[in-house]
Amino acid sequence: MENFNFCVGTRILFGKGQEEKLPELLRPYGNKVLLTYGGGRIKRTGLYDRIKSLLHEFEIFELGGIEPNPRIESVYAGAEICKEEDIDVILAVGGGSTIDCSKAIAAAAYYEGDAWDLILHPDWIEKALPICTVLTLSATGSEMDNGGVITNLKTKEKLGFGNPLLLPKASVLNPENTFTVPASQTAAGSADIMSHILEVYFDTRRAAVPDRISEGLLKTVIQYAPIAVREPENYEARAELMWTSSLAINGICSTGKDCAWSCHPMEHELSAYYDITHGVGLAILTPRWMRYILNEHTVEKFAEYAKNVWGIAEKADLFETANAGIDATEEFLKSLEIPMTLSEVGITEEHFTEMAEHAVIFGGLSEAYVPLKAEDVVNIYRMCM
Ligand code: NZQ
Ligand code: ZN
């Protein structure tokens, strides 16, 4: 196991009714709150009204309309409000897009140049407003990590950024707030959670503690995602998925590991060019990436995955065991009714080469578990058609 530095300073308030603690969570930071949210779903679910009435003692400013795959323009708009109104704290209510955008706003609030600079150079972030979140969709883990992803449609870039200053101070995780998430988004979110775990499970460094935690979390998604898709108001299933989403990417699964991620850089190109749902892109890519990198060096790890996660009995041939685990992964994602080809989501081969080149450069794919060149990425994209 490699040396590591693990610290997650986000206070988690988990369970029914935990929004009621928002006043006490926000009070230490000041009185002026920027409330951020997405396309208005929280108004339809009643969460917006509930939060506004809970926060009656605060001066509330608002930035709504944050897009899925949030755009840099929303960051500019939020930063302007923070500067003009001298905001003390940001309260992000929504899924990963709203939370990610709020992280970029928190940093941009103290930056005089173009906020896009901070996405390109997150180490330039020297100060950020405090952020608290109320999570409404289990997927990205943004509620308990210090990263985010912002899209610049003009340059066709969707880039991840991260800085410890952006870690949410506190996150309210009330599973009831995810009851209204549609089946398709629940499925995509579950694929995203699984991918966050798989990205670090397959690593050249061996480390039993994170791997056994990862296997447990993967089994939790496999058990509860189908229930949440079928029964949107099943509290237990929503609760298990919600807590798994946070643990999948808060660093615990990657302790002692070091490789660059593989599917996420490839997916970010798909959503940068075609604005598709992040989890759908990952579900399409993951089994194909697995098949592409299965070789004599990786087969043992894939066989371990097949046995420990999918309960597949060891077969005489290690490759057979490994392939059965990959088949099970693909079948599971299909069973959630996620579109499983790029053509189904309207993607053609037109931009494969440039997307692959970007993915290699921005995603550091040469440092991945199995290093990938642009031609490998094109091959994987083709396998997804
Ligand atoms: O826009 P609103 O009205 O909020 O509606 C959203 C949106 O249409 C809706 N939704 C959210 N909560 C709901 C709900 N609908 C009904 N009931 C609810 N309770 O769902 C749609 C998708 O929301 P979004 O926030 O975009 O989804 P998600 O949480 O999957 O976030 C995706 C973004 O996060 C980035 C992705 O790249 C993508 O841009 N990621 C962030 C990461 C991080 N911060 O660490 C890691 C991830 O790998 C990922 O890349
Ligand atoms: Zn993801």
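Just so you know, ligand 1 is whichever comes first in the structure, and atom 1 is the first atom listed for that ligand.
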- Item | side-chain contact (heavy atoms from CB on, under 4.5 Å) evaluation trace for R71 with N152 | CA-CA 6 Å; R71 315 272 154 82; N152 187 333; over 6 Å; no

Exercise. Step by step, work out the salt bridge (Lys or Arg N to Asp or Glu O under 4.0 Å) result for K158 and E269.
Key: CA-CA 7 Å; K158 180 178 180 186; E269 295 304 320; over 6 Å; no

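Checked by distance only, ligand 1 and N69 come closer than 3.5 Å through their nitrogen or oxygen atoms. Considering backbone and side-chain N/O atoms, T98 never comes within less than 3.5 Å of an N/O atom of ligand 1. The N/O atoms of G39, backbone and side chain alike, include one that comes under 3.5 Å of an N/O atom in ligand 1. Taking any N or O of K158, backbone or side chain, at least one lies under 3.5 Å from an N or O belonging to ligand 1. At least one N/O-N/O distance between T136 and ligand 1 falls below 3.5 Å. Considering backbone and side-chain N/O of D145, one or more are found under 3.5 Å from N/O of ligand 1. The N/O atoms of G96, backbone and side chain alike, include one that comes under 3.5 Å of an N/O atom in ligand 1.
A distance-only check finds no donor-acceptor pair linking the side chain of S74 to the backbone of P70 [under 3.5 Å]. T277 places no side-chain N or O within donor-acceptor distance of the main-chain N or O of V280, the cut-off being under 3.5 Å.
Side-chain atoms of E349 and Y381 include no donor-acceptor pair closer than 3.5 Å. Y224 and E236 are linked by a side-chain donor-acceptor pair at a separation below 3.5 angstrom, with hydrogens and angles left out of the test. Looking only at atom types and distance, the side chain of S271 has a donor-acceptor partner in the side chain of E267 under 3.5 Å away. Between the side chains of Y76 and W116, not a single donor N or O lies within less than 3.5 Å of an accepting N or O. When only modelled atom types and interatomic distance are considered, H268 and H358 share no side-chain donor-acceptor pair under 3.5 Å. Between the side chains of N69 and D275, a donor-acceptor pair is found at a separation under 3.5 Å. With hydrogens and angles left out, the side-chain atoms of E354 and H351 include a donor and acceptor closer than 3.5 Å. Looking only at atom types and distance, the side chain of T133 has a donor-acceptor partner in the side chain of S171 under 3.5 Å away.
Of the candidates K43, H278, R71, H278 brings a heavy atom nearest to atom 49 (C) of ligand 1. Taking only non-hydrogen atoms, the option from D100, D192, T140 nearest to atom 44 (N) of ligand 1 is D100. The option with the heavy atom closest to atom 10 (N) of ligand 1, from among L47, T178, L137, is L137.
Relative to the ring axis of Y201, K301 places its NZ or CZ within 45° and under 6.0 Å from the centre. Stacking of K16 on the aromatic ring of Y235 is recorded, both the 6.0 Å distance cut-off and the 45° axial limit being met.
Note that NE2 of H121 is 14.0 Å distant from CG of N163, once rounded to the nearest 0.5 Å.
A salt bridge does not link E2 with K257: none of the charged nitrogens is closer than 4.0 Å to a carboxylate oxygen. A salt bridge is defined here as a Lys NZ or Arg NE, NH1 or NH2 lying under 4.0 Å from an Asp or Glu carboxylate O, and R212 with E215 meets this definition.
Under 4.0 angstrom from ligand 1, the non-hydrogen atoms of I249 all belong to its side chain. Under 4.0 angstrom from ligand 1, the non-hydrogen atoms of T180 come from both its backbone and its side chain. Residue Q185 touches ligand 1 through its side chain alone, judged by heavy-atom distances below 4.0 Å. Of all the heavy atoms of T151, none lies under 4.0 Å from any atom of ligand 1, so neither backbone nor side chain is involved.
Counting the atoms of ligand 1 from 1 in the order shown, those under 4.0 Å from a heavy atom of A139 are 30 (O). Within the listing of ligand 1, atoms 44 (N) sit less than 4.0 angstrom from a heavy atom of S142. Heavy-atom contacts of P70 reach the following atoms of ligand 1: 39 (O) (cutoff under 4.0 Å). Heavy-atom contacts of H196 reach the following atoms of ligand 1: 46 (C), 47 (C), 48 (O) (cutoff under 4.0 Å). Per-residue contacts place N177 under 4.0 angstrom from the following atoms of ligand 1 (heavy atoms of the residue considered): 19 (N). Atom numbering of ligand 1 starts at 1 in the shown order; those under 4.0 Å from a heavy atom of P68 are 26 (O). Using a 4.0 Å cut-off to heavy atoms of H268, the atoms of ligand 1 that qualify are 37 (O), 50 (O). Numbered from 1 in the order shown, with element, the atoms of ligand 1 that lie under 4.0 Å from a heavy atom of V181 read 13 (C), 16 (C), 17 (N), 18 (C), 19 (N).
Taking the side chain as every heavy atom from C-beta outward, L294 and I326 approach each other to under 4.5 Å.
From the protein, the heavy atom lying nearest to atom 4 (O) of ligand 1 is G38 CA, 3.7 Å. In terms of protein heavy atoms, atom 26 (O) of ligand 1 is closest to S97 OG, 2.5 Å. Nearest protein heavy-atom contact of atom 14 (C) of ligand 1 is R41 CG, 3.9 Å.
Take a cut-off of 2.8 Å around the Zn ion (ligand 2): the protein N, O or S atoms inside it are D192 OD1, H196 NE2, H264 NE2, H278 NE2.
A heavy-atom separation below 4.0 Å is found between G147 and ligand 1. By the 4.0 Å heavy-atom criterion, G189 is excluded from the residues contacting ligand 1. The shortest heavy-atom distance from G94 to ligand 1 is not under 4.0 Å.
Closest approach of I293 to Y369, counting heavy atoms only: CD1-CD2, 3.7 Å. In terms of heavy-atom proximity, R11 sits nearest to L25 at NH1-CD2, 3.5 Å.
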